[in-house]
Amino acid sequence: MVETIVLLSSGLFLGWSLGANDAANVFGAAVGARMIRFRTAAAVCSVFVVLGATISGAGAADTLGRLGAVSALPGAFAVALAAAVSTFWMGRLRIPVSSSQSIVGAILGWNLYTASATDSSSLVRIVSTWAACPVLAGVLAVLLFLMTRWLITVFKPHLLRLDHMTRLGLLLAGAFGSYSLGANNIANVMGVFVADNPFSDKSVFGLFTLSGVRQLFLLGGLSIAVGVTTYSERMMRTVGTGLARISPVSALVVVLAQSLTLFLFASERLEQLLDGWGLPTIPLVPASSSQAVVGAIVGISLLRRAGLRRRMIGGISLGWLATPLLACATSLILLFFVDNVFEQEVARPQRFRSDAEVVGEVERLGLPAVKLAEFMGRERTNALRMSRELQLSAEAGPAWMPRGSGGSPNLPDKEPEKKLSYLERVFRSDVQEDAEADAVNGGPAVHPEP
Amino acid sequence: MPLFQSSRVVENQIDEFFDKVGEGALVFDEGVRAYMQDRREEFDHAIGRIDRLESEADKLRRDIEAYLYGHSLIPEHRGDVLGLLENTDNIIDTAKASLYQFSVEHPDIPEQYRPMYVELAESCCKCVEALLVGARAFFRDVGAVKDSLYKVHHYERQADELSDRLKRDVFDTDLELARKIHLRYFALNVERVSDRAEEVADRLAIYAIKRSL
């Protein structure tokens, strides 16, 4: 138990630093503009971050898990610590940091160190989100700003009533933003521990069962809440005036746009809804609240032709490039130390097999043509090599997901890349963590560890 | 809606404050007219009314300020709102002081100049009324503020011209210098009300720009 807590401590540290920094993105403008007291903001933020993390944290965590399933707790410790140190360091340099970028960089470091395959489609999806997130937040902010301005022009509320409504709106949007922050960013804090989750399912007073993953997310949510309560006040008071001076109504628009952006990248229900309607889905990816806030403020400032501190934007953009690189390098160094100095297992060996059962499953699903005969009876331990061989033998183009998107009942209808990644998962025989992930996703595990 | 009840109370207080100032301007106009038409009783009545209105406006202003600061409301515009209220309050103070001067000094105004004083007071009153339209718009429809501010400047200029003409006419006569100076002093005394209104209008224009940003 003590060992588990020690190994989780890096994730809790990351959660604390996320709470200290990112809560300012949600409530900073409101507290900085003296519209909401810090105590109120901290209390609301803490409660809703924990709720968001526990209730809706699974979606983004799953995508992060696909990027690289950190399969051993000491490895996850090093990865989370690398992300936390990078976040803290960049914060010390007064560069707005993204915990999402830190953790992705750190996971890539783990993949490199352990010769694990990086799921290129997940990586592309995450990196493209980094570009899409501020743009989407900016567009949403502009639309919301125009709508708010129109409403104010039409209904002409009294200045005092507008003030009251703005306060109420800031509080509600802040609560929504905190929920979205918890739902989306818990993946950054605890995502790396999911693959080797130390918690088991527990019944809560016989009322409902709290799964191991939810317990993990609850713990992560609490660490974020502690960060919010203990260390976010200074950040909250300074944010909002750094990039451009914004009014309380603009602050409300910024918080709403940021919250909506994070929610769009975290809502499994929305994804299911869009999928059900046959519309393109929004990827469930841990997006950065800092990027969303910057995008929203820049959007409003451009619309109003208000003065932007261009130098600061340059610094922030540079930080967005530097953070994942720094986290990746730190992760490599820490993993080396954990592996060689402390002699801890940073990754579990992976095995891939093909047998009659696998062939049967492949045929049942009608997966793309792969020369299965080449794989029959053979076992692989190097994911990169396995991936390369599979890609060479497949006609459906390259795609590799260590944990795949298996378990989805409507998988055969999905595109060939997903089928191929599913195939790889079928091949893989050491995927007991998938059973847990699938339990979170609501789908059955197809090929758990016997 | 109970949610906005406290805000509604202050909204009403602000409206009431502007009502008091507007009524004060009308009473000032009536007072000057009553003095010029030698209706002493009505003049004294006007003095009593403006005195009461001024102290009621003061009380309302203090209550509003205390509420805004006590509840940390409209942090972005609180200073502007307080500035607006205090300067608007100065208008009724000036009007009251002006009527009191008539009451204390009993200026002997020749018959031919009396209509000009009445007209001057009327312009001042219109100037204050136009300002109050803008001041109310500041709270509800900031875009409409400038629509009333040009009227303030128009009536203030009109008051300036009337006052100037009055002073020139007075100094063109063979009246004693002391009396000329006394008459000029009362022209300035009445005109000061429109000057105060214009000062507030200038501030209001800035506040409106700040609010629309």
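Side chains are part of it too, since the values below use all heavy atoms of this structure and drop only hydrogens, waters and symmetry mates.
- For B:V142, no part lies near chain A; criterion is any non-hydrogen pair under 4.5 Å.
- Taken from CG in B:N12 to NE2 in A:H158, the straight-line distance is 8.5 Å, to the nearest 0.5 Å.
- When side chains are defined from C-beta on, B:R78 counts as touching A:R34, because their heavy atoms get closer than 4.5 Å.
- Here the closest heavy-atom approach between residue A:S247 and residue B:E76 is recorded as CA-OE2, 3.9 Å.
- You'll find the side chain of B:R140 stays beyond 4.5 Å of the side chain of A:L159, heavy atoms only.
- The neighbour count for B:F43 CZ, taken as heavy atoms of other residues, nucleotides or ligands under 6.0 Å away, is above 12.
- The number of heavy atoms from other shown groups lying within 6.0 Å of CZ (A:F38) is above 12.
- Within the 4.5 Å cutoff, side-chain heavy atoms of A:L160 are placed close to those of B:L68.
- With a 4.5 Å cut-off on non-hydrogen atoms, A:I152 does not touch chain B at all.
- Contact of B:R136 with chain A is not made at all, since no heavy-atom distance falls under 4.5 Å.
- Rounding to the nearest 0.5 Å places OG of B:S72 at 10.5 Å from CE of A:M35.
- Between A:D163 and B:P75, the shortest heavy-atom distance links the atoms OD1-CD, 3.8 Å.
- Atom CZ of B:R114 has more than 12 neighbouring heavy atoms from other residues, nucleotides or ligands inside a 6.0 Å radius.
- Considering all non-hydrogen atoms of both residues, B:I74 and A:R167 come closest at N-NH2, 3.7 Å.
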